[in-house]
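Lettering of chains follows the sequences in order, A, B, ..., and the numbering in each one begins at 1.
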There are 2 protein chains.
Amino acid sequence: METEECYDPFQPNCPSRLILSRIGDRWTVLVILALRHEVLRFSELRTKIGSPAPKVLSQTLQALVRDGLVSRQAYAEVPPRVEYRLTDLGRTLLEPIDAVRRWAAVHTGDVLDARERADELVASGAGGADR
Amino acid sequence: METEECYDPFQPNCPSRLILSRIGDRWTVLVILALRHEVLRFSELRTKIGSPAPKVLSQTLQALVRDGLVSRQAYAEVPPRVEYRLTDLGRTLLEPIDAVRRWAAVHTGDVLDARERADELVASGAGGADR
DNA sequence: CGGTATCCCTCCCGATACTG
DNA sequence: CAGTATCGGGAGGGATACCG
């Protein structure tokens, strides 16, 4: 039932592009990670992920709810209370996200090293007769 | 040697943030995927991934080379020829990328469904007394 | 408390033109 | 062929103020 083999990420309309841009979003992954083990309220989320502006968090949340990855439950109380939790679908996203996290844990050092080396080269060589 | 357990993605300086933003980049993943099985020249890459402007591809490639994920080899010929290939480090990135691809292959349908349902709700209910 | 409305500003992206 | 230079538009991110 998977149509995995006919996926072509080079097509602009490819679904993987959609997911990729989602993951690349500044706050999406943080929200999902924050909800990994707990149900959180709006301001709790804000505190946990360090989101500066409520607008941004609100946007992120709405997009996640729209895509069925997070569910929103509001209580008719005073003061109002709203809880966000991962849906089953949202929980499945934890796997690929963690694959990325694991890669970062293992290889970021290499990337940083490579970057330093490249920057040194630029500073000395390509800087062009700067001494 | 891995320091995986002390990784906190909620820290702004966390390495996983760096990798995430990399993956979210518009062209980075496409370039890596394009170089998966072959060595390609600049214009071949452009054709394959459908990058419209050379500037953008150039930027992407420079960043990838800087981070040690792609290597660049130029030949002193006329006309000039430049080949790009994945480094060993870059090849390791294929794993997490593929995890995301696989997720997309399996679950994008669900996301699209959820999105449609949510949009219908908005159109009928939240549109607000539109009839 | 849980958002929305508004404004600003930066960064990314893209097209075009030009150079080695 | 393989880029760089320049310019411009648009989306996204962020701070602040305000509303239910």
Dump every N/O contact between nucleotides 4-6 of chain D and the protein below 3.5 Å, one line per pair.
{"residue": "D:dT4", "atom": "OP1", "partner": "B:Q62", "partner atom": "NE2", "Å": "3.0"}
{"residue": "D:dT4", "atom": "OP2", "partner": "B:S58", "partner atom": "OG", "Å": "2.4"}
{"residue": "D:dT4", "atom": "OP2", "partner": "B:Q62", "partner atom": "NE2", "Å": "3.2"}

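Whole-Å rounding puts the A:E44 CD to C:dC1 C1' distance at 11 Å. Look at CG on B:L61: it is 11 Å from P on D:dA2, rounded to the nearest Å. Atom pair B:L57:CG and D:dG3:P shows a separation of 8 Å (rounding to whole Å applied). Separating the CZ atom of A:R41 from the P atom of C:dG3 is a distance of 10 Å, rounded to the nearest angstrom.
Remark: the backbone N or O of A:L86 is paired with a side-chain donor or acceptor of A:R91 at under 3.5 angstrom. Judged by distance alone, the side chain of A:R85 and the main-chain N or O of A:L40 form no donor-acceptor pair under 3.5 Å. A distance-only check finds no donor-acceptor pair linking the side chain of A:W27 to the backbone of A:L57 [under 3.5 Å].
Between the side chains of A:E83 and A:Y75, a donor-acceptor pair is found at a separation under 3.5 Å.
Here the side chains of A:L61 and A:F42 are in contact, with some heavy-atom distance below 4.5 Å. By the 4.5 Å heavy-atom criterion applied to side chains, A:R101 and A:D98 are counted as neighbours. Counting heavy atoms from C-beta on, the side chains of B:L30 and B:L45 never come closer than 4.5 Å. For the pair B:R36/B:I97, no side-chain contact is recorded, criterion being any heavy-atom separation below 4.5 Å from C-beta on.
Shown for residues 24-40 of chain A: residues whose heavy atoms fall under 4.0 angstrom of DNA chain D, namely A:D25, A:R26, A:W27. DNA chain C lies under 4.0 Å from at least one heavy atom of each of the following residues of residues 74-85 of chain A: A:P79, A:P80, A:R81, A:V82, A:Y84.
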